Amino acid sequence: MTQIPKAYNAKNYEKGIYQKWEKAGAFMPKGDPKKKPFTISLPPPNATGQLHLGHAMMLAIEDIMVRYNRMQGRPTLWLPGTDHAAIATQNKVEKIIAEEGLDRHTMGRAKFLSRVKKYVKESQNTIRNQIRQMGASVDWTRERYTMDDQLTHAVRAAFLQMYKDGLIYRGHRIVNWCTRCGSTLADDELEYREEKSKFYYLKYGPVVIGTARPETKFHDKIIIVHPKDKRYKDLVGKELTVPWITGDVKAKFVADESADMEMGSGAMTITPAHSFVDFDLAQKYGFEVVQIINEKGEITEAGGEDFEGLHVLEARDKVVKELDKKGLLDHIDEEYVHNLSCCYRCGTAVEPLVSEQWFIDVNKKVRGKTLKERSLEAVRKGDIEILPDRFNKVYFHWIENLRDWCISRQIWWGHRIPVWHCVDKKCKHHKEPIVSLKDPDKCPKCKGTKLKQDPDTLDTWFSSGLWTFSTLGWPKKTSDFKKFHPTQVLETGYDILFFWVARMILMTTYLLDEVPFETVYLHGLIRDKQGRKMSKSLGNGIDPLDMIENYGADAVRLSLVLGSSPGNDLRVYEEKIAGYRNFVNKIWNSARYVLMNLEKEDFHTEIDPKTLSRADKWILHRLNQVTKQATKSLDKYSLSEVGMGVYDFFWSEYCDWYLEISKIQPNKAVLAHVLKTILKLLHPYTPYVTEVLWEKMDQKTLLITEEWPKVDPMFNFTKANKEMQAVLKVVSTIRQLRADYKLKPGQKIKASFQGAKLNAVLQDNMDIIMRLARLENPVIEKEEKKTPGSIVSFAGPVKIKLMTKGIVDVNKEKARLKAEIQNLTAYLKGLEGKLKNEGYIHNAPKQIVEADKQRYLEGKERLEKMVQQFKSLG
RNA sequence: GGGCGAUUAGCUCAGUUGGCUAGAGCGUCUGGUUUACACCCAGAAGGUCGCUGGUUCGAGCCCAGCAUCGCCCACCA
C-alpha cells in the first residue's frame with residue numbers, strides 16, 4: 001500500500017524525471033542491433049530566440065514516434081540541433097544594435113559577427129531548455145549546429161562537389177533583391193502583399209503600353225506583339241524612332257507568343273533587367289539588358305542626369321510628369337490591384353534586378369540525371385512517402401517549375417562562399433575562382449599569396465539541405481552515418497515543404513544517391529480558438545512555457561497531438577489544455593487508487609488464469625484489442641487516433657467500469673497488469689506522469705526503455721467480452737430509469753430480471769449489478785410474474801423490472817413506455833423494409849444481413865414484451 | 001487563372017474498405033461526499049452530416065455540379 005498526493009502536480013516531478021532519463025542514457029540509440037534503426041533529425045529551430053507552439057507541436061509529435069519505436073526495441077536516434085538562420089538572425093541582431101544606435105557597417109564585419117555569435121549562444125541555451133521542458137527525448141550527446149566546424153566542412157564539401165560537376169556557376173542573371181537587407185532572395189523567400197496602385201497607360205510610338213512601374217522604362221526598346229496579331233503584322237521586324245522619356249529611342253517590333261492579344265493594345269515593351277519574364281525574353285532573343293535600378297533602389301546612370309540617384313518612388317512621379325509634358329501620357333487607372341512581392345524577412349518590396357550571383361543549375365545532367373529529375377523520382381518511385389499524400393502534387397508542381405537556385409547572399413552571417421580569387425595583378429588567372437575545402441594560402445597558378453575570399457555568404461537553406469547527413473559526420477563515412485542514414489521520418493510544418501524538404505531531397509539525392517528520409521510527415525499550423533494564425537500583432541499567441549508551467553508538459557503535448565492529423569491546421573486554446581490536464585490527473589488518480597489497494601509484490605505477480613472473473617476477462621480482452629489497434633495505427637503514424645483510443649479505453653472502460661467493479665470483486669494481478677500496460681501505451685504521449693507512476697509501482701526499470709505491449713493470445717476472451725458488455729448495459733439501463741424517475745441516489749430498489757440465455761451470466765454478476773445500480777434483493781425470474789406499479793425497460797434481450805410501487809407515477813410510466821414503443825416500432829419498420837428488399841438480401845455481405853436479422857428478431861421480442869407491459873398498466 | 005483543403009451537436013473535432021437508431025471532449029441542464037479523482041461520478045437535452053443531382057439493395061463516406069470559408073502556386077505589359 002502506497003500513498004501518493006491527491007492531485008498530480010506536474011511541476012514537482014518533470015525536471016527530476018527528465019534528468020533521470022538523461023542520466024541513464026535513455027535517449028541514446030540502444031535497442032536490438034538486429035532491428036532496423038529508427039532515426040529522426042530534429043528540424044533545427046532557428047537560433048533566434050524562442051520556441052513557439054508550432055515547435056512544441058513538432059517536438060510532441062516526434063517524441064511520440066521516437067518513444068514508440070524505442071519501446072519497440074529499435075535502435076532509436078533523435079538528433080537535435082539549431083540552425084544559424086542567416087537572414088533571420090542577422091536582421092534580429094541588426095535590430096538589437098540599432099537600439100544602441102549602431103549599425104553593422106560602422107561596426108565592421110568581424111565585430112558584428114562576434115555580436116551575432118553571442119546572441120546565438122544565448123538563444124541556443126533558451127531553446128535547449130525549452131526542448132527539455134517538453135520532455136523531448138533527443139540525444140543531446142549528438143547535438144549539432146549548422147555553423148559547427150564539421151557541418152561547415154560538409155557545406156564546403158557539398159559546394160566543391162557541385163562546383164566540380166558544373167552544377168554551381170556564377171552568372172549575371174535576374175534575381176530578387178531586397179533593398180533593405182541588401183541581398184538576394186530565393187524565389188520562395190518572397191511573400192505577396194496585395195496593394196492598390198496607379199496603372200499608367202503610355203503612348204509609345206504607334207502603340208499604347210500599360211505599366212505600374214514607369215520608372216523602369218527608360219530603355220525600353222523592344223515591342224513584343226503576338227505573331228498572329230493582324231494589327232501589327234506589317235510592323236514586325238521593323239524599327240522606328242519614337243519620342244520617349246529622356247529623348248527619342250529606336251524601337252523594334254518583335255513577334256513572340258508571350259504577348260497577350262486580348263490585353264490592352266496587345267503590344268508591350270520589355271524591361272529585361274527588372275522583370276523575370278522580360279529577362280527570359282531578352283535571353284531568348286539576345287536583347288540588351290540595361291540596369292535601370294541599383295542595389296539601393298535608386299535609378300542608375302541609365303536614367304540620365306535628371307533621374308540618376310533618385311529613389312524609385314520619386315523617379316516614378318517625375319517620369320510620369322515628364323511623359324505628361326510630352327503628351328505621352330494616355331491615361332491613368334487609379335484602381336489597379338496587384339500582388340507586390342516582398343521580402344519574407346523584413347517586408348520590404350523586392351526589386352527584381354540583374355546581378356552577378358552564384359547559382360545551382362537544376363537542369364544540367366550529372367551522372368545521367370538533373371537535380372530536378374532526381375528530386376521528382378525519389379517521390380514518384382515511392383522511396384519517399386509524403387503524408388498526407390495530397391502534398392505529392394504540390395511538391396511535383398514546385399519541382400517541375402523550379403528555376404536555377406540563387407545561393408549567394410550579400411549578408412555577413414552565414415557560411416562564407418568557399419571561393420577565392422587571386423588579386424595579384426601579375427597573375428594571368430586572377431579571374432578564375434579558386435574553390436577549396438580549406439582556406440587556401442596561395443594561388444595554385446602563380447603561387448602568389450594575395451588571395452581574397454568572395455564576400456558573400458550562402459543561402460541558409462544550402463546548409464540545412466544537408467542536415468540529415470552533415471549531422472552524422474558526412475563527408476566522412478562515420479559509423480553513425482552508415483547506421484542512421486537514410487533517416488526514417490522528417491516531420492515538419494507544411495509551410496516549409498519548399499524551403500527545406502524539397503531542398504533536402506534535391507541535395508541528398510544528388511550528393512549521396514539516396515533519399516534523406518523515407519517518410520515526410522507534414523503537420524498543420526497552430527491557430528487560435530477562432531482559427532486565426534497566432535501572431536505578435538494580434539497578441540493571440542500562447543507561450544508553450546506558460547502552459548507547461550500551469551498545466552504540465554503532458555497536457556500541453558496532448559493538446560497539440562490529439563485531434564490533429566497531418567496537413568490539417570489545429571486550434572489550440574487554454575481550455576483545451578486544461579481539459580487534458582484533467583486527463584493526466586485522472587491517470588494519476590487511477591494509479592493512486594490501485595497503489596492504495598495493492599502491495600508492492602502485487603505489481604510483480606503473474607495473472608493466474610484460474611482466478612479470472614468475467615469482468616477480468618472482459619477488460620483483458622479489451623486491452624488486447626486496444627493494444628493491437630494502437631500498434632497497427634502507430635506504425636502508420638496515426639498518432640491522434642491511437643491517443644484518443646487509449647484515452648477512451650482508459651477513462652470510460654478501465655476507470656468508469658473496471659475500477660468500480662474491482663471495488664466489489666478485486667483481482668489484484670489483473671488490476672496491476674492492465675494499469676501497467678496502459679501506462680506503457682500512454683507513455684509516448686504523456687511520458688512524465690507515466691514514468692512517475694511506473695516508479696511508484698516498485699519498478700526497477702525505466703518506463704521509457706520498457707518493451708511496448710504485445711497482444712497476449714491467452715487473454716482473448718470473445719465470449720466473456722460480449723457477456724460482460726451485456727451486464728454493463730443492464731447497469732446503465734437501470735441508472736437511466738432511476739434518473740428518469742428521479743429516484744433518490746441512496747435509495748435501494750428491488751428488481752427482477754428476465755435474461756433468457758443470459759440468466760446465468762446475470763446471476764454470476766449480480767453483486768456487481770446490485771452495487772453499481774443500487775438494488776436490493778434482485779432476483780431472476782424464470783417466468784413472468786405480475787408486479788403492479790413496477791417499471792420495465794430492456795437492455796438488449798434482458799428485461800429489467802424495478803419494483804417501484806408507490807414511488808413512481810403510473811401515468812408517467814405509461815407515457816414513457818408509449819414513447820419507447822413508438823420509437824422501437826419505427827426502427828423495426830425500417831429494418832423490416834430492408835430485410836424484405838431482394839436487392840439487399842442478394843448484394844449485402846452475409847454477416848451484415850445476419851446481424852440485421854438478429855436485431856430484428858430481438859427487437860420484435862422486446863416490442864412484444866413492452867406492449868404487454870404497457871397493457872398491464874391498464 | 002490553376003490547384004488544394006474545409007463544411008457533421010452551441011463550440012472544437014472523430015467518423016476505417018459505403019453496412020447497427022451518426023460519436024467524443026468542452027459548454028448547457030438534472031442529480032450526486034459511493035474504497036482514487038469535484039481536475040470527479042451518474043444521467044439528459046442537443047444533428048435535414050453546406051446545397052442539388054447521380055451511382056448503389058444501401059451514401060456523412062463514392063461521382064458530378066454549386067455555394068461559403070480558408071490556403072498554396074502562377075500571373076499582373
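This is a predicted model, so every value here is computed, not measured. Naming convention: chains lettered A, B, ... in sequence-line order (proteins, then strands); numbering from 1 in each chain. Both backbone and side-chain heavy atoms feed into the values below; hydrogens, waters and symmetry mates do not.
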Would you classify [X] as touching base, sugar-phosphate or nothing, given that sugar-phosphate means primed atoms plus P, OP1 and OP2, and contacts are heavy atoms under 4.0 Å?
X        : answer
A:Lys744 : nothing
A:Arg390 : sugar-phosphate
A:Glu660 : base
A:Asp260 : base

Next on the checklist: According to salt bridge (Lys or Arg N to Asp or Glu O under 4.0 Å), does anything in residues 199-217 of chain A pair up with another residue at least two apart or in another chain? List the pairs.
Outcome noted: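 Sorted result for residues 199-217 of chain A: A:Arg213-A:Glu215, A:Arg213-A:Glu351, A:Glu215-A:Arg316, A:Lys217-A:Asp220.
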Next on the checklist: Enumerate the salt bridge (Lys or Arg N to Asp or Glu O under 4.0 Å) contacts for residues 550-574 of chain A, please, sequence neighbours excluded, ordered by first and then second residue.
Outcome noted: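 Residue pairs passing salt bridge (Lys or Arg N to Asp or Glu O under 4.0 Å), neighbours aside: A:Asp63-A:Arg557, A:Arg527-A:Asp569.
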Checklist entry - For the residue pair A:Tyr840 and A:Lys834, what are the closest heavy atoms and their distance? => result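 Here A:Tyr840 and A:Lys834 meet closest at CD2-O, 3.2 Å.
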[atom1]-based separation of [M] from [N] [nearest Å]:
N     : M     : atom1 : result
B:C76 : B:G2  : C1'   : 15 Å
B:G27 : B:C11 : P     : 15 Å
B:A24 : B:G47 : P     : 15 Å
B:G18 : B:C41 : P     : 37 Å
B:U8  : B:G25 : C1'   : 15 Å

Item to check | Any pair counted as side chain to side chain donor-acceptor pair (under 3.5 Å), so long as it reaches residues 251-261 of chain A, sequence neighbours left out | outcome: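 Checked against side chain to side chain donor-acceptor pair (under 3.5 Å) - neighbours excluded - the pairs reaching residues 251-261 of chain A are A:Asp256-A:Ser258, A:Asp256-A:Lys284, A:Asp256-A:Tyr285.
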Item to check | Residue pairs involving residues 578-597 of chain A (criterion side chain to side chain donor-acceptor pair (under 3.5 Å); sequence neighbours excluded) | outcome: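 Pairs touching residues 578-597 of chain A that pass the test: A:Tyr593-A:Ser662.
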Item to check | Inter-residue atom distance A:Thr216.OG1 - A:Ile292.CD1, 0.5 Å rounding | outcome: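 Reported to 0.5 Å precision, the distance equals 7.0 Å.
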Next on the checklist: Judged by each residue's nearest nucleotide on RNA chain B, which is more toward the 5′ side, A:Glu838 or A:Ala7?
Outcome noted: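 First, find each residue's nearest nucleotide; the 5'-ward one identifies A:Ala7.
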What is the separation between atom [atom1] on [X] and atom [atom2] on [N], rounded to the nearest whole Å?
X        : N     : atom1 : atom2 : value
A:Asp528 : B:U12 : CG    : P     : 11 Å
A:Arg771 : B:A42 : CZ    : P     : 16 Å
A:Leu775 : B:U34 : CG    : C1'   : 15 Å
A:Glu776 : B:U34 : CD    : P     : 18 Å
A:Leu835 : B:G58 : CG    : C1'   : 12 Å
A:Asn837 : B:U56 : CG    : P     : 13 Å

Item to check | Identified stems (criterion: three or more consecutive Watson-Crick or G-U pairs, under 3.5 Å), RNA chain B | outcome: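 Counting only runs of 3 or more consecutive pairs, the stems involving RNA chain B are B:1-7 with B:67-73, B:10-13 with B:23-26, B:28-32 with B:40-44, B:50-54 with B:62-66.
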Detail all sub-3.5 Å separations between protein N/O atoms and N/O atoms belonging to nucleotides 72-76 of chain B.
| from | atom 1 | to | atom 2 | distance (Å) |
| --- | --- | --- | --- | --- |
| B:C75 | N4 | A:Asn339 | ND2 | 2.8 |
| B:C76 | O2' | A:Tyr336 | OH | 2.5 |
| B:C76 | N4 | A:Asn339 | O | 3.1 |

Checklist entry - Can a side chain N or O of A:Arg774 be found less than 4.0 Å away from OP1 or OP2 on B:U34? => result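 Indeed not, no polar side-chain atom of A:Arg774 lies that close.
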Checklist entry - Under a 4.0 Å heavy-atom cut-off, which of residues 549-559 of chain A touch RNA chain B? => result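 The stretch gives none, as no residue of it lies under 4.0 Å from the strand.
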Checklist entry - Heavy atom of residues 584-598 of chain A under 4.0 Å from RNA chain B: which residues? => result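 Contacting residues: A:Asn585, A:Lys586, A:Asn589, A:Ser590, A:Arg592, A:Tyr593, A:Asn597.
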Checklist entry - CD of A:Glu861: more than 12 outside heavy atoms within 6.0 angstrom? => result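 At most 12 heavy atoms, drawn from other residues, nucleotides or ligands, come within 6.0 Å of this atom.
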Checklist entry - Distance-only, no hydrogens or angles: does the A:Arg231 side chain make a donor-acceptor pair with backbone N or O of A:Ala267 under 3.5 Å? => result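 No; zero donor-acceptor contacts below 3.5 Å.
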Checklist entry - Would you say A:Tyr201's side chain and A:Asp333's backbone share a donor-acceptor pair under 3.5 angstrom? => result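 Looks like no, no N/O pair under 3.5 Å.
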Next on the checklist: Applying salt bridge (charged side-chain N to carboxylate O under 4.0 Å, His left out), can you list everything that pairs with A:Arg771, at least two apart in sequence or on another chain?
Outcome noted: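 None.
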Checklist entry - With sequence neighbours left out, what residues match A:Glu850 under salt bridge (charged side-chain N to carboxylate O under 4.0 Å, His left out)? => result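 By the salt bridge (charged side-chain N to carboxylate O under 4.0 Å, His left out) rule, A:Glu850 matches no residue at all.
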Checklist entry - With A:Lys632, which residues qualify under side-chain contact (heavy atoms from CB on, under 4.5 Å), at least two apart? => result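 Not a single residue meets the side-chain contact (heavy atoms from CB on, under 4.5 Å) criterion with A:Lys632.
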Next on the checklist: At less than 3.5 Å, do the side-chain atoms of A:Lys663 and the base atoms of B:A36 form a donor-acceptor pair?
Outcome noted: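 Checked by distance alone, the answer is yes.
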Item to check | Partner of A:Ile800 by side chain to side chain contact (heavy atoms under 4.5 Å, CB included), out of A:Thr733, A:Ile791, A:Ile769, A:Val731 | outcome: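 Result for side chain to side chain contact (heavy atoms under 4.5 Å, CB included) with A:Ile800: A:Thr733.
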Next on the checklist: I need a per-nucleotide contact map over nucleotides 15-31 of chain B, read 5' to 3'. Cutoff is protein heavy atoms under 4.0 Å; write B for the base, S for backbone only, - otherwise.
Outcome noted: ----BBB---------S
